[in-house]
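First listed ligand is number 1; within each ligand, the first listed atom is number 1. Numbering of residues begins at 1 and proceeds along the displayed sequence.
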Amino acid sequence: MKLSVCVLPGDGIGPEITAVAEKVLQAVAARFGHTVELAHGLIGGAAIDATGTPLPEATVAACRQSGAVLLGAVGGPKWDDLEPALRPEKGLLGIRKALGLFANLRPATLFPELAAASLLRPDIAAAGVDVLVVRELTGGLYFGEPRGETVVDGERAAFNTMIYREKEIARILHVAFAAARQRRKQVCSVDKANVLEVSRLWREVATRVALEYPDVELTHMYVDNAAMQLVRAPHLFDVLVTENLFGDILSDEAAAITGSLGMLPSASLGASSPGLFEPIHGSAPDIAGQDVANPLATVLSVAMLLRHGFGLEAEAAAVERAVRIALRQGLRTRDIATEGSTVVGCTAMGEAVVAALAAC
Ligand code: NAD
């Protein structure tokens with residue numbers, strides 16, 4: 001199979017971590033008999049410096065022509081004083097919009113080797129965390145109309161609208177069920193159906209979509225309970241699917257409990273356009289250019305790219321196994337180092353993963 005991937009390194013540690021991820025992609029492709037066709041594009045501060053805009057048209061075109069997009073990170077103090085429309089983050093929002101990405105997939109995995117870094121109580125961490133949060137990305141309260149500010153009884157007031165159409169709910173539920181089929185076959189749909197009409201519709205549609213996936217179990221949970229269960233018993237969750245605002249909060253909570261920012265990948269998917277795969281962390285300008293960044297979140301984003309972008313499950317699993325092997329060898333970048341581990345740089349960690357791939 002030909003894997004055509006557009007790489008957007010971005011700013012800060014972006015170029016270092018995507019360089020490692022490219023090598024891992026090449027290695028896994030060679031191991032499974034695929035060819036890789038790479039294109040590169042500018043985004044964020046790097047694009048502002050070169051072209052005056054955070055998302056040049058050429059980048060959008062290169063992404064559209066590819067089968068998947070791999071992004072490093074954008075932003076940094078150099079561009080902090082620019083007006084909002086010209087800031088690096090606009091590039092990120094712009095590419096998500098241009099590709100019509102409506103589903104955000106954020107796995108939160110606690111690697112047993114890194115349990116000490118977790119914020120969870122040791123007995124809870126010991127049960128493991130392997131949750132995939134599927135967040136609706138383009139609807140709900142963040143985009144609903146009407147929105148704005150008004151005056152009520154002589155006092156300022158502001159309002160937003162949480163609105164979802166059936167089709168918007170159904171398509172994100174389909175993403176969640178499809179993902180669950182590749183995992184432990186459980187979907188937990190999170191809402192606030194005891195209070196919100198929009199949640200009652202969400203629940204109805206979720207129940208209807210579930211009929212198409214008889215092999216997957218669907219449960220419903222109120223969002224306040226879900227926030228609590230994520231820290232009390234995270235091992236109970238397989239796939240957690242929810243609307244935009246709830247997903248924004250719960251995906252950060254799920255990530256935070258693992259305690260390892262440098263380890264967490266993400267995917268944003270659309271209906272037919274190429275998906276976007278990126279680490280959840282930022283451009284870490286404080287450590288850029290020092291070869292100390294943890295490349296594993298980006299390497300694990302390559303695993304997601306193989307799984308969700310190209311449907312290559314065995315190849316994705318091989319990358320994830322290779323990461324585990326490198327960790328089991330005691331190798332750690334500085335951010336996840338503990339007593340007794342061997343601290344390595346970004347490049348060396350990448351080399352260890354590539355070497356481990358030979359055995360996966
Ligand atoms: P950050 O995630 O970049 O960094 C937070 C802390 O975590 C820093 O101490 C950093 O050194 C460390 N860190 C992050 N990733 C790491 C890695 N892979 N290996 C080792 N350590 C790592 O968040 P921030 O400092 O709030 O933001 C820095 C810049 O990144 C800002 O300009 C922000 O707007 C941008 N940002 C971009 C994205 C994105 O591109 N998706 C996301 C968040 C923040």
inquiry  = Just checking E149: does its CD atom have more than 12 heavy atoms from other residues, nucleotides or ligands closer to it than 6.0 angstrom?
reply    = yes

ask   = For N194, which residues count as a side-chain contact (heavy atoms from CB on, under 4.5 Å) partner, sequence neighbours excluded?
value = K192, Y222

query = So which protein residues pack against ligand 1 under 4.0 Å, heavy atoms counted?
reply = I13, A73, V74, G75, G76, E89, L92, L261, E278, H281, G282, S283, A284, P285, D286, I287, A293, N294, D335

message = Taking atom CG as the centre, does D81 end up with more than 12 heavy-atom neighbours from other residues, nucleotides or ligands that are less than 6.0 angstrom away?
response = no

message = My understanding is that only residues two or more places apart in sequence, or in another chain, count here; which of them pass side chain to side chain donor-acceptor pair (under 3.5 Å) with E37?
response = K2

task = Using the six-membered ring of F111, assess whether NZ or CZ of R324 lies under 6.0 Å from its centre and within 45 degrees of the ring axis.
result = no

ask   = What pairs with T53 under side-chain contact (heavy atoms from CB on, under 4.5 Å), at least two apart in sequence or on another chain?
value = T51

